[in-house]
Amino acid sequence: MATTPSPAQPQQYATHSVTNQPPPLTPYDASEDTALMEGLRREGAEWAEEDIRRLGLRAGSVEAQEWAELANVHEPVLHTHDRYGNRVDEVDFHPSWHHLMRASVAAGLAATPWAEDRPGAHVARTAGGLVWGHTEAGHGCPTSMTYAAVPALRAQPELSKVYEPLLTSREYDPGLRVPTEKRGLLAGMGMTEKQGGSDVRTNTTTAWPTSEPGVYQLRGHKWFTSAPMCDVFLVLAQAPEGLSCFLVPRVLPDGTRNTFRIQRLKDKLGNRSNASSEPEFDGTVAWLVGPEGRGVKTIIEMVNCTRLDCVMMSATLMRKTLVEAGHHVRHRSAFGARLVDQPLMRNVLADLALESEAATTLTLRLAGAADRAVRGDAGEAAFRRIATAVGKYWVTKRGPAFTAEALECLGGNGYVEESGMPRHYREAPLLSIWEGSGNVNALDVLRALRREPGTAQALFDELALARGADTRLDAAIVRLEGLLTSGSEAGARRLVEQMALTLQASLLVRHAPPAVADAFCATRLGGDWGHAFGTLPDSADADTILTRALPAGD
């Protein structure tokens with residue numbers, strides 16, 4: 001016979017006592033990353049360490065993490081017309097987006113390095129991106145495009161003289177106004193069209209000269225133009241002499257709006273805080289940048305810059321999700337023990353840590369090459385030319401699998417939006433797609449090998465610095481030399497993957513602790529590995545790897 005519970009009994013069975021859940025990660029220091037700080041110093045930007053550490057603390061603050069969440073919850077809204085029916089073509093962003101942008105620009109993460117005449121400026125910017133990217137990725141798009149626009153704009157010195165000081169400013173000055181009347185500018189790009197995508201030579205947007213020298217009018221429809229509220233855009237269009245590059249301001253010098261009709265915003269898988277649009281040009285005023293018919297040559301330096309940023313942001317996502325996973329498993333128990341103390345979970349985390357360190361180390365090496373190439377080092381320019389395309393292919397390809405595994409460390413908790421992990425997972429594939437998908441980058445490596453023989457020599461000169469230190473690396477270099485003799489288009493991905501792994505291994509052998517380098521070479525080069533993360537051999541020193549990788553104060 002059932003008994004009636006006494007009034008005191010329900011307290012013994014309270015359903016809302018929370019146990020075995022990790023505390024909030026925030027606040028934390030996003031710059032607490034040994035591989036990052038070592039790379040910063042090694043690549044010539046040790047002078048920026050204090051600034052990077054301050055930025056890391058701000059990135060991991062409760063305030064900045066809330067900005068990141070709100071900027072993605074409250075997505076940008078397009079207003080094509082005002083209440084009276086006039087075209088306005090404006091996009092409204094949540095205040096959190098502006099907070100993120102203001103902090104990013106003030107930290108010099110847009111085009112500031114081009115105005116700094118000291119070694120390591122571009123490395124410092126990349127390191128800043130590696131820590132500030134712990135907030136959210138969408139607002140990194142306009143800062144990346146602004147950074148990349150400067151070297152392209154220098155093809156037209158009279159335009160560069162006017163706009164470069166504003167593009168390199170540390171002041172974020174939103175709102176559509178005459179560019180030269182603002183304290184700072186942001187630049188966007190309008191390259192791809194619906195019939196061609198990466199094949200920009202098939203673009204149908206036309207440009208015809210006006211009576212004013214260097215001034216043209218454009219007509220056409222772009223397919224993917226992100227951050228449409230930027231002040232100026234670099235656009236490709238077909239001029240009488242062929243595909244050419246143009247500068248298109250949103251507001252003309254006389255204060256009138258240039259024709260920039262935003263037809264719609266893309267409904268994207270991720271990157272949702274950032275508006276990506278389809279603008280239409282119809283009599284749009286534009287200034288020629290570089291010679292007519294040399295549009296691709298004019299923008300090639302810009303592509304190198306944006307590809308580096310794709311590598312950087314993929315490495316950032318890896319690090320961010322590794323930190324999230326490490327925090328969770330340190331505070332979560334299952335089957336009588338903390339997850340972090342269980343051998344199989346340690347194997348997974350150590351494997352992820354290897355991938356993350358390899359990505360970060362390669363990113364900073366590429367930034368160092370970019371910095372030295374800008375300063376006139378021909379060898380570094382050749383290395384940058386091939387290694388950036390290699391890194392763009394491989395690191396961004398690893399991002400989706402990495403973020404999925406890190407999410408799984410949280411189990412079902414990682415699958416809910418409140419954890420933030422789904423946002424990171426949706427972001428990861430984008431970085432492989434933008435600035436040339438995997439095939440485009442793999443074929444670009446082949447193109448560099450065939451047309452610029454110095455690039456292969458530069459790559460092998462870099463690999464030679466680690467030769468003799470690890471037999472598996474030496475064997476990988478020999479295999480790579482054999483693959484180069486083939487160079488078939490169908491085998492391009494295989495070749496570039498081998499390049500990337502060999503390059504990452506060589507960097508770790510030279511610069512990482514023996515436990516890290518040995519485990520990476522054993523798995524990525526020696527074949528002592530499975531087909532998923534968490535399949536390191538028993539010989540791997542997971543304890544040393546994790547002690548190095550995970551923040552000490554967590």
#### Entry: Flag, side chain of Lys182 to backbone of Leu166, donor-acceptor distance under 3.5 Å
no

### Query
Quick one: side-chain contact (heavy atoms from CB on, under 4.5 Å) partners of Ala387, sequence neighbours excluded?
Leu366, Phe383, Leu503

### Query
Can you list the residues that meet the ring pair (Phe, Tyr, Trp, His ring centres under 6.0 Å) rule with Phe233, with sequence neighbours excluded?
Phe260

### Query
Hey, are the side chains of Trp223 and Glu278 touching, using non-hydrogen atoms and a 4.5 Å cut-off?
yes

### Query
How long is the gap from CD on Glu164 to CG on Leu185, to the nearest 0.5 Å?
11.5 Å

### Query
Quick one: does Leu349's side chain get under 4.5 Å of Leu322's, heavy atoms only?
yes

#### Entry: Flag if over 12 foreign heavy atoms under 6.0 Å of CD, Glu75
yes

### Query
Please walk me through it: do Val235 and Met191 pass side chain to side chain contact (heavy atoms under 4.5 Å, CB included)?
CA-CA 6 Å; Val235 172; Met191 305 298 168; over 6 Å; no

### Closest contact, heavy atoms only, Leu130 versus Ala315
CD2-CB, 3.9 Å

### Query
Would Arg493 and Asn439 count as having a side-chain donor-acceptor pair, cut-off 3.5 Å?
yes

### Query
Quick one: does Val496's side chain get under 4.5 Å of Asn441's, heavy atoms only?
no

### Task
State, yes or no, whether a side-chain contact exists between Pro22 and His327 at a heavy-atom distance under 4.5 Å.
yes

### Non-hydrogen atoms of Ser432 and Thr396 that approach each other most closely
CA-OG1, 3.4 Å

### Message
Strictly by side-chain hydrogen bond (donor to acceptor under 3.5 Å, both in side chains), give each pair with a member in residues 131-148 just once, sequence neighbours left out.
### Response
Tyr28-His134, Asn72-Glu136, His122-Tyr147, Trp132-His139, Glu136-His139, Glu136-Ser273, Ser144-Asp309

### Query
Nearest heavy-atom pair of Met312 and Gly129: which atoms, and what distance?
SD-C, 3.6 Å

### Query
With a 4.0 Å cut-off, would you call Asp231 and Arg177 a salt bridge?
no

### Task
List in chain and number order the residues that pass side-chain contact (heavy atoms from CB on, under 4.5 Å) with Glu63, two or more places apart in sequence or in another chain; answer none if no residue qualifies.
Ser61, Trp67

### Message
The test is side chain to side chain contact (heavy atoms under 4.5 Å, CB included); show your working for Asn413 and Ser419 and say whether it passes.
### Response
CA-CA 7 Å; Asn413 292 317; Ser419 72; 5.7 Å; no

### Query
Counting only heavy atoms not in Gln21, do more than 12 sit closer than 6.0 Å to its CD atom?
yes

### Query
With Arg201, which residues qualify under salt bridge (charged side-chain N to carboxylate O under 4.0 Å, His left out), at least two apart?
none

### Task
Could you grab the distance from atom CG of Leu57 to atom CD of Glu32, nearest 0.5 Å is fine?
9.5 Å

### Cationic N near anionic O, under 4.0 Å, Glu193 to Lys222
yes

### Query
Given the rule in the side chain to side chain contact (heavy atoms under 4.5 Å, CB included) test, do Phe246 and Leu218 qualify, once you have shown the distances and angles that lead to the verdict?
CA-CA 9 Å; Phe246 297 91; Leu218 308 185; 4.2 Å; yes

### Query
Is the number of heavy atoms from other residues, nucleotides or ligands under 6.0 Å of Gln342 CD greater than 12?
yes

### Message
Could you check whether Arg250 pairs with Glu90 (Lys NZ or Arg NE/NH1/NH2 to Asp/Glu carboxylate O, under 4.0 Å)?
### Response
no

### Task
Given side chain to side chain contact (heavy atoms under 4.5 Å, CB included), test Trp529 with Asp351 step by step and report yes or no.
CA-CA 10 Å; Trp529 201 27; Asp351 211 351; 3.0 Å; yes

### Task
Measure from the side-chain N and O atoms of Thr502 to the backbone N and O of Met499, and report whether any donor-acceptor pair falls under 3.5 Å.
no

### Query
With sequence neighbours excluded, what pairs up with His81 under the ring pair (Phe, Tyr, Trp, His ring centres under 6.0 Å) test?
none

### Query
Charged N to carboxylate O below 4.0 Å: is that the case for Glu435 and Arg307?
no

### Task
Look at the side chain of Arg261 and the backbone N and O of Phe281, then say whether any donor-acceptor pair between them is shorter than 3.5 Å.
no

### Ala275: partners by side-chain contact (heavy atoms from CB on, under 4.5 Å), with sequence neighbours left out
Pro76, Val91, Phe93, Pro228, Leu265

Contacts table for residues 98-113: side-chain donor-acceptor under 3.5 angstrom, sequence neighbours left out:
unit_1 : atom_1 : unit_2 : atom_2 : d
His98  : ND1    : Tyr172 : OH     : 2.7
Thr112 : OG1    : Thr168 : O      : 3.2

### Query
Is the closest side-chain heavy-atom distance between Trp114 and Cys305 below 4.5 Å?
yes

### Task
Could you tell me the separation between the CD atom of Glu69 and the CD atom of Glu417, rounded to the nearest 0.5 Å?
9.5 Å

### Task
Could you point out which residue of His511, Gln504, Arg548 forms a side-chain hydrogen bond (donor to acceptor under 3.5 Å, both in side chains) with Glu357?
Arg548

### Query
Hey, is Glu355 close enough to Arg524 for a salt bridge, meaning N to O under 4.0 Å?
yes

### Query
Looking at residues at least two apart in the chain, or sitting in another chain, which of them share a ring pair (Phe, Tyr, Trp, His ring centres under 6.0 Å) with His94?
His74

### Task
To the nearest 0.5 Å, tell me how far Arg183 CZ sits from Ser169 OG.
8.0 Å

### Message
Counting C-beta onward and ignoring hydrogens, is there a side-chain heavy-atom pair between Leu354 and Leu536 closer than 4.5 Å?
### Response
yes

### Message
Rounded to the nearest 0.5 Å, what separates atom CE in Met421 from atom OG1 in Thr403?
### Response
7.5 Å

### Query
Tell me, which pairs form a salt bridge (Lys or Arg N to Asp or Glu O under 4.0 Å) where one or both residues lie in residues 311-322, sequence neighbours left out?
Asp33-Arg319, Lys320-Glu324

### Task
Flag yes if more than 12 heavy atoms outside Arg494 fall under 6.0 Å of its CZ atom; otherwise flag no.
no

### Message
Test your reading of the model: is there a side-chain donor-acceptor pair from Asp29 to the backbone of Gly60, 3.5 Å cut-off?
### Response
no

### Query
For Gly196 and Thr202, which heavy atoms make the closest approach, and how far apart are they?
CA-OG1, 3.4 Å

### Message
Using 0.5 Å steps for rounding, measure from the CG atom of Asp92 to the NE2 atom of His79.
### Response
3.5 Å

### All pairs passing salt bridge (Lys or Arg N to Asp or Glu O under 4.0 Å) where residues 384-396 contributes a residue, at least two apart
Glu301-Arg384, Arg385-Asp444, Arg385-Glu452

### Flag side-chain contact, heavy atom, 4.5 Å: Thr298 against Leu234
no

### Message
Which heavy atom of Gly391 sits nearest to which heavy atom of Leu362, and what is that distance?
### Response
CA-CD2, 4.0 Å

### Message
Once side-chain contact (heavy atoms from CB on, under 4.5 Å) is applied, do any residues pair with Arg53, and if so which ones, sequence neighbours excluded?
### Response
Ser31, Met37, Arg41, Glu49

### Least distance between heavy atoms, Thr284 atom then Thr259 atom
OG1-O, 2.5 Å

### Message
What I'd like to find out is whether the side chain of Thr535 reaches to under 4.5 Å of the side chain of His531, using heavy atoms alone.
### Response
no

